[in-house]
Amino acid sequence: MKNHERLANLALAALTFAPLVVKVDPNLNVILTACLTVYVGCYRSVKATPPTETMSNEHAMRFPLVGSAMLLSLFLLFKFLSKDLVNAVLTCYFFVLGIAALSATLLPAIKRFLPDQWNDNVIVWRFPYFRSLEVEFTKSQIIAAIPGTFFCVWYASKKHWLANNILGLAFCIQGIEMLSLGSFKTGAILLAGLFVYDIFWVFFTPVMVSVAKSFDAPIKLLFPTSDSARPFSMLGLGDIVIPGIFVALALRFDVSRGKESQYFKSAFVGYTAGLVATIIVMNWFQAAQPALLYIVPGVIGFLAAHCLWNGEVKPLLAFDESKTEETSSEETSEADSNKKAD
């Protein structure tokens, strides 16, 4: 981990806990927390080997439709069933998911202080009565799961905003780190579809805002305010993860060419500008805003302008991580063959 990555991690941790001891402007808190989360997730997504699974154009086209169906289903559940019952079921689901996400987020930092055999030796545990089902883990993962379990228990019992944010940040970082769009074409399709999705469900229906207020789970970050009528400002995790995976793709594109993070910088600045615009418009109209309405044009616009300025549209559109994976696997197999021949 480089110094700037370590500094970003420390800044994000400090900002997360800061409202407990000092008054932090919620608007500034939203911008800094979201940007630091994207920054951390992007650099964690850079790995020695390309991602094993990438999103296809067809999946990107279907994503807004699937998201709409899930959103509407949640709205109907909250409308016709007990809100407490629905949230109880969702809390159980996010309890397990939160332990996995938080332990995976903390694992790289914890591994450095543990013996190598704890990191490398895999333990296989088979379910009783279902011997075909098995779970693989290491001792390091067990250690990392301890703080994850603590925060999940704290969240389930108290629903404290800090526990909510810690789990939410873990989900965001893991989402940006693990998900791959594959290509900028797929990313543009996904962002364009969710651009329309966000506008429709926020401006033309009460569904999005209603679900966000009723859904008592770490699917949004909460930022304390001094307004008793509105104690928290909110930012959905999707407004971090969805643009974040596009920004991360720009960083991996720069890394694949062995150049400085030039397109990552433009995409990241575009994300920051879009988020700032969201906050300004939200405060101006005193109403909830679809953040992707401002973030998507910012990310794509800044990246496109930079790319056009450099005259590198073709290599950017031709970049495909799935092909990069195939090329790297072919090179590995050729190297192995040469070693055997020697």
If I take atom CD from residue E312 and atom CZ from residue F253, how far apart are they, to the nearest 0.5 angstrom?
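Atom-to-atom, E312:CD and F253:CZ are 6.5 Å apart.
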Stepwise, does the side chain to side chain donor-acceptor pair (under 3.5 Å) test hold for S180 with E321?
CA-CA 8 Å; S180 171; E321 286 192 301; 2.5 Å; yes
Could you go through F264 and Y43, starting from their C-alpha distance and side-chain angles, then the distance that decides it, and tell me whether this counts as ring-ring contact (aromatic ring centres under 6.0 Å, His included)?
CA-CA 10 Å; F264 164 71; Y43 274 94; 5.4 Å; yes
F246 and F184: CA distance, side-chain angles, deciding distance, ring-ring contact (aromatic ring centres under 6.0 Å, His included) verdict:
CA-CA 8 Å; F246 189 87; F184 288 100; 5.7 Å; yes
Inspect the contact between E177 and K47 and indicate whether a charged nitrogen and a carboxylate oxygen are less than 4.0 angstrom apart.
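Salt bridge flag = yes for E177 with K47.
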Electrostatic pair E136-R126, nearest N-O below 4.0 angstrom
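Answer for the salt bridge query: no.
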Could you work out, with side-chain hydrogen bond (donor to acceptor under 3.5 Å, both in side chains) as the rule, every residue matching Y39, not counting sequence neighbours?
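Result, side-chain hydrogen bond (donor to acceptor under 3.5 Å, both in side chains) vs Y39: H4.
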Who pairs with D120 by side-chain hydrogen bond (donor to acceptor under 3.5 Å, both in side chains), at least two apart in sequence or on another chain?
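With neighbours one apart ignored, the set is empty.
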The single option from I240, V40, V241 passing side-chain contact (heavy atoms from CB on, under 4.5 Å) against I173
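Answer after filtering I240, V40, V241: V40.
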For I166, which of Y155, W161, F17 qualifies under side-chain contact (heavy atoms from CB on, under 4.5 Å)?
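Single side-chain contact (heavy atoms from CB on, under 4.5 Å) partner of I166 among Y155, W161, F17: F17.
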Between F171 and F94, what is the ring plane arrangement, given parallel below 30°, perpendicular above 60°, and tilted in between?
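Taking F94 first and then F171, their aromatic rings stand perpendicular (interplane angle over 60°).
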Using residues 279-286 as the side-chain source, report each donor-acceptor pair under 3.5 Å to any protein atom, sequence neighbours left out, with the distance given to one decimal.
| from | atom 1 | to | atom 2 | distance (Å) |
| --- | --- | --- | --- | --- |
| N283 | ND2 | N27 | OD1 | 3.3 |
| N283 | ND2 | I279 | O | 2.7 |
| Q286 | NE2 | N283 | O | 2.8 |

